[in-house]
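A short worksheet on the structure shown next.
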Amino acid sequence: MRILIASTNKGKIEEFRRILEPLGFEVVEPKEKIEVEERGETFLENACLKAKAYFERYGIPTLADDSGLIADAISPYPGIYSSRFYSIDFGGKEEVKTTKDEANIRKLLRLLKGKKERSAKFVVVLFFYGGDRGFFVEGEVRGRISEEPRGEKGFGYDPVFIPEGYDKTFGELTPEEKDRISHRGRAIRKFLEIIKGCEGVFT
Ligand code: IMP
């Protein structure tokens, strides 16, 4: 089965590819980014908007991911603003010196500096849409924010997120370790359970 991923985020696409391709799915990457205005106030609304926009452009059953990090001390931030946290009008803006990911992390660590409460969670909503029908699943992983970035693997906030029960950040774990416990890994496994029972429905 072909599945279009409604994203041009290389980190996300790689995670979908490495879980879905060994199971026989053909993961299709969009040729170009569609500027979907993420006007929703929830991950679910935004995932739904993205799935619909990409399906309408490409006509391939589409899996959209809307995800983010929520740090309890500044909840609900970065939240639905995770990808552009550096630029939003909350806690001062941060200049992009190298990458947006680096600026986002710098802002998060600045806002948590000196705070004892460093607990956080990653959440994701995956919305799968095939034109006249769709469904969604959610995934979550709890952990805490490190004092400093550690590790080169992954993307986004991975270098500062330490999952519960570990002392390494997602940036230090192997891709297989991350997939086993991550919000996205968990949600993809729920997606697989459902799609298994939907043969012929989304082709
Ligand atoms: P979206 O494209 O609006 O869903 O943005 C999601 C943002 O949340 C990403 O750009 C990252 O900053 C962050 N994020 C989501 N999932 C992960 C993850 O698995 N690791 C690190 N950062 C993540």
Side-chain angles (χ1 to χ4, degrees), residues 3-16 20 27-94 96 99-101 103-105 107-108 111 119-143 145 154-158 161 182-192 194-195 198 202:
I3 296 182
L4 177 81
I5 306 299
S7 174
T8 50
N9 179 320
K10 295 283 170 204
K12 280 187 188 177
I13 292 173
E14 191 190 320
E15 294 192 0
F16 285 110
L20 294 175
V27 172
V28 182
E29 223 174 296
K31 287 204 173 59
E32 55 190 52
K33 185 179 169 73
I34 301 179
E35 288 305 335
V36 182
E37 195 200 337
E38 293 190 20
R39 58 177 187 273
E41 285 174 15
T42 63
F43 292 105
L44 175 57
E45 283 175 76
N46 287 330
C48 187
L49 288 169
K50 287 192 263 190
K52 196 158 176 288
Y54 276 85
F55 178 82
E56 278 169 4
R57 170 78 64 88
Y58 291 93
I60 302 171
T62 297
L63 189 57
D65 164 315
D66 203 63
S67 48
L69 177 74
I70 297 167
D72 293 339
I74 54 168
S75 177
Y77 293 98
I80 56 170
Y81 308 103
S82 292
S83 64
R84 52 192 166 95
F85 189 46
Y86 71 94
S87 68
I88 68 160
D89 207 4
F90 169 81
K93 296 184 184 180
E94 207 68 41
V96 176
T99 62
K100 290 177 182 176
D101 283 347
N104 284 333
I105 287 178
K107 176 164 172 174
L108 177 68
L111 294 181
S119 54
K121 63 180 176 184
F122 269 124
V123 296
V124 64
V125 173
L126 301 183
F127 197 101
F128 187 64
Y129 186 63
D132 56 354
R133 62 199 76 194
F135 64 87
F136 73 94
V137 291
E138 296 171 285
E140 179 179 312
V141 56
R142 292 207 60 88
I145 305 299
F155 69 100
Y157 297 89
D158 280 347
F161 184 82
S182 78
H183 51 316
R184 190 166 295 101
R186 287 176 172 157
I188 295 175
R189 287 189 290 278
K190 289 187 194 169
F191 162 79
L192 287 167
I194 297 174
I195 204 76
C198 291
F202 290 103

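Atoms CD1 and CD, on Ile88 and Glu94 in that order, are 12.0 Å from each other to the nearest 0.5 Å. The CD atom of Glu138 lies 12.0 Å from the CZ atom of Phe127; values are rounded to the nearest 0.5 Å.
Residues that satisfy the salt bridge (charged side-chain N to carboxylate O under 4.0 Å, His left out) test with Arg84, not counting sequence neighbours, are absent from this structure. The ring-ring contact (aromatic ring centres under 6.0 Å, His included) test applied to Phe128 returns Phe135, Phe191, Phe202, not counting sequence neighbours.
Between Phe122 and Phe161, the angle of the ring planes lies from 30° to 60°, which puts this pair in the tilted group. Under the 30°/60° scheme for interplanar angles, the aromatic rings of Tyr77 and Tyr81 are found to lie parallel.
Asn104 places no side-chain N or O within donor-acceptor distance of the main-chain N or O of Gly156, the cut-off being under 3.5 Å. A donor-acceptor contact shorter than 3.5 Å links the side chain of Asp158 to the backbone of Phe155.
Between Glu32 and Arg57 a salt bridge is recorded (basic side-chain N to carboxylate O distance below 4.0 Å). The residues Glu14 and Lys10 are annotated as not salt-bridged, no charged nitrogen and carboxylate oxygen being separated by less than 4.0 angstrom.
A cation-pi arrangement is found for Lys107 relative to Phe85, the charged atom lying closer than 6.0 Å to the ring centre and inside a 45° cone about the ring normal.
No more than 12 heavy-atom neighbours from other residues, nucleotides or ligands sit within 6.0 angstrom of CD on Glu41.
For residues 58-72, every residue pair satisfying the side-chain hydrogen bond (donor to acceptor under 3.5 Å, both in side chains) rule, not counting sequence neighbours, is listed here: Lys12-Asp65, Lys50-Asp66, Asp65-Ser67, Asp65-Arg184, Ser67-Arg184, Asp72-Ser119, Asp72-Arg142.
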